[in-house]
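Heads up: numbering here begins at 1 and tracks the sequence. As the structure is a prediction and not an experimental result, all values here were calculated from the model.
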Amino acid sequence: IHRWLGALAALPLIWVLLTGFLLNHSQDFGLEQKSVTNRVVLAWYGMSPSGAVMVAHSDSAELVYLDGVVFLNRNVVDFSSIPIGLIEYADTIAIVSSTGVSLFTLQGDLVESLDELSLPELPLLAAGVFNGRAAVKNAEGWFLSDTNWIEYQRADSVEVVSPFSTLTDEQALEELA
């Protein structure tokens, strides 16, 4: 009986040895490149998204909003509002929310944040492109910006680009994998 109790007591030590070895050599086995997508495991560790995943695309940018975090081309960016639009314009990416616009480089570096002092009347309702110019919409209608986002002029209609789509859990896991 002493032999069986010793073997049983060794099982946790063997488990620690095995998992420690895998963690220590995770680069050798390519484990840091693996993503956990099992919904049960993600829920067990509290890693399931609590809200909807919203995604917008432009020619060279992908914007994902998940649980209050904004990802631009898979990198977290400093953007504290809920995005309502994405515009790729003059080598910059503009993320539009109801309270402002943040301009980023194509690499995701923040260039400038625009608020009520430099935008048409808030809240902003949508974003788009018209004749190659960035446009934002508020309660009064569409406004076209100049190349520096300083002056705005009214526009009749605007082609809305990169509207956000809400993803199912399965689509979100595929998008983030």
Side-chain angles (χ1 to χ4, degrees), residues 30 32-37 39 42 47-177:
E32 76 280 351
Q33 298 168 356
K34 302 286 184 193
S35 297
V36 176
T37 58
R39 207 181 302 181
L42 291 173
M47 298 173 68
S48 295
S50 61
V53 178
M54 298 184 332
V55 178
H57 296 274
S58 70
D59 291 338
S60 61
E62 175 186 62
L63 184 70
V64 177
Y65 177 77
L66 171 66
D67 288 341
V69 181
V70 176
F71 298 87
L72 181 59
N73 295 332
R74 297 186 178 255
N75 297 313
V76 176
V77 294
D78 185 21
F79 193 79
S80 57
S81 300
I82 298 173
I84 60 170
L86 171 71
I87 301 172
E88 187 172 340
Y89 175 73
D91 294 331
T92 59
I93 303 293
I95 303 176
V96 181
S97 74
S98 63
T99 59
V101 176
S102 290
L103 304 175
F104 293 89
T105 64
L106 295 176
Q107 293 75 32
D109 299 319
L110 180 64
V111 175
E112 186 173 7
S113 292
L114 307 172
D115 57 15
E116 71 274 355
L117 298 176
S118 52
L119 291 169
E121 185 177 331
L122 298 180
L124 300 178
L125 306 173
V129 174
F130 183 71
N131 290 339
R133 293 173 61 188
V136 291
K137 181 181 182 183
N138 65 12
E140 298 173 14
W142 285 99
F143 292 86
L144 300 175
S145 75
D146 64 1
T147 56
N148 297 318
W149 290 80
I150 295 174
E151 295 187 20
Y152 298 86
Q153 70 181 113
R154 222 165 172 37
D156 293 328
S157 65
V158 172
E159 172 190 344
V160 176
V161 293
S162 301
F164 277 95
S165 57
T166 303
L167 303 179
T168 64
D169 288 345
E170 291 81 19
Q171 291 170 322
L173 287 174
E174 287 176 22
E175 189 78 30
L176 297 173

Notebook entry, point to check: Rounded to the nearest 0.5 Å, how far apart are CG of Asp146 and CZ of Arg133?
Noted result: 7.5 Å
Margin query: What verdict does the side-chain contact (heavy atoms from CB on, under 4.5 Å) test give for Val101 and Leu124, after you've listed the backbone C-alpha separation in whole Å, the side-chain angles of each residue and the deciding distance to 0.1 Å?
Written below: CA-CA 9 Å; Val101 176; Leu124 300 178; 4.0 Å; yes
Next item on the list: Please report the shortest heavy-atom distance between Ile93 and Thr105, naming the atom on each side.
Entry: CG1-O, 4.1 Å
Next item on the list: Among Val69, Leu72, Asp109, find the one that has a side chain to side chain contact (heavy atoms under 4.5 Å, CB included) with Val77.
Entry: Leu72
Check: Would you find a donor on one side and an acceptor on the other, under 3.5 Å apart, between the side chain of Tyr152 and the backbone of Ser118?
Finding: yes
Margin query: For Trp142 versus Gly128, what's the shortest heavy-atom pair and its separation?
Written below: CZ3-N, 3.8 Å
Note to self: Run the side-chain contact (heavy atoms from CB on, under 4.5 Å) test on Phe143 and Arg154 for me, step by step, so that the C-alpha distance in whole Å, both residues' side-chain angles and the decisive distance to 0.1 Å come before the verdict.
What the structure shows: CA-CA 4 Å; Phe143 292 86; Arg154 222 165 172 37; 3.4 Å; yes
Item checked: Evaluation steps, side-chain contact (heavy atoms from CB on, under 4.5 Å), between Val136 and Ser145 -> CA-CA 8 Å; Val136 291; Ser145 75; over 6 Å; no
Checklist line | Residues Asp115, Thr99; criterion side-chain contact (heavy atoms from CB on, under 4.5 Å); working and verdict | finding: CA-CA 7 Å; Asp115 57 15; Thr99 59; over 6 Å; no
Next item on the list: Check for a donor-acceptor pair, side chain of Glu88 on one end and backbone N or O of Ser60 on the other, with a separation under 3.5 Å.
Entry: yes
Notebook entry, point to check: What closest approach, in Å, do Ala94 and Leu103 show between heavy atoms, and which atom pair accounts for it?
Noted result: CB-CD2, 3.6 Å
Next item on the list: Mind listing the closest non-hydrogen atom pair of Leu86 and Ala61 along with its distance?
Entry: CD2-O, 4.2 Å
Check: Around atom CG of Asp78, are there more than 12 heavy atoms of other residues, nucleotides or ligands at under 6.0 Å?
Finding: no
Margin query: Under a 3.5 Å distance rule, please check whether Asn73 uses its side chain to pair with a backbone N or O of Glu62 as donor and acceptor.
Written below: yes
Notebook entry, point to check: Would one find more than 12 heavy atoms of other residues, nucleotides or ligands at under 6.0 Å from atom CD1 of Ile82?
Noted result: no
Checklist line | Neighbour count above 12 (heavy atom, 6.0 Å) for Glu151 CD | finding: no
Notebook entry, point to check: If you look at every heavy atom in Leu119 and Gly100, which pair is closest and at what distance?
Noted result: CD1-CA, 3.6 Å
Check: Shortest non-hydrogen contact from Ala126 to Ile84?
Finding: N-CD1, 3.6 Å
Checklist line | Point-to-point distance, once rounded to the nearest 0.5 Å, from OG of Ser98 to CG of Asn138 | finding: 12.0 Å
Checklist line | CZ on Phe104 to CG on Leu63, rounded to 0.5 Å | finding: 9.0 Å
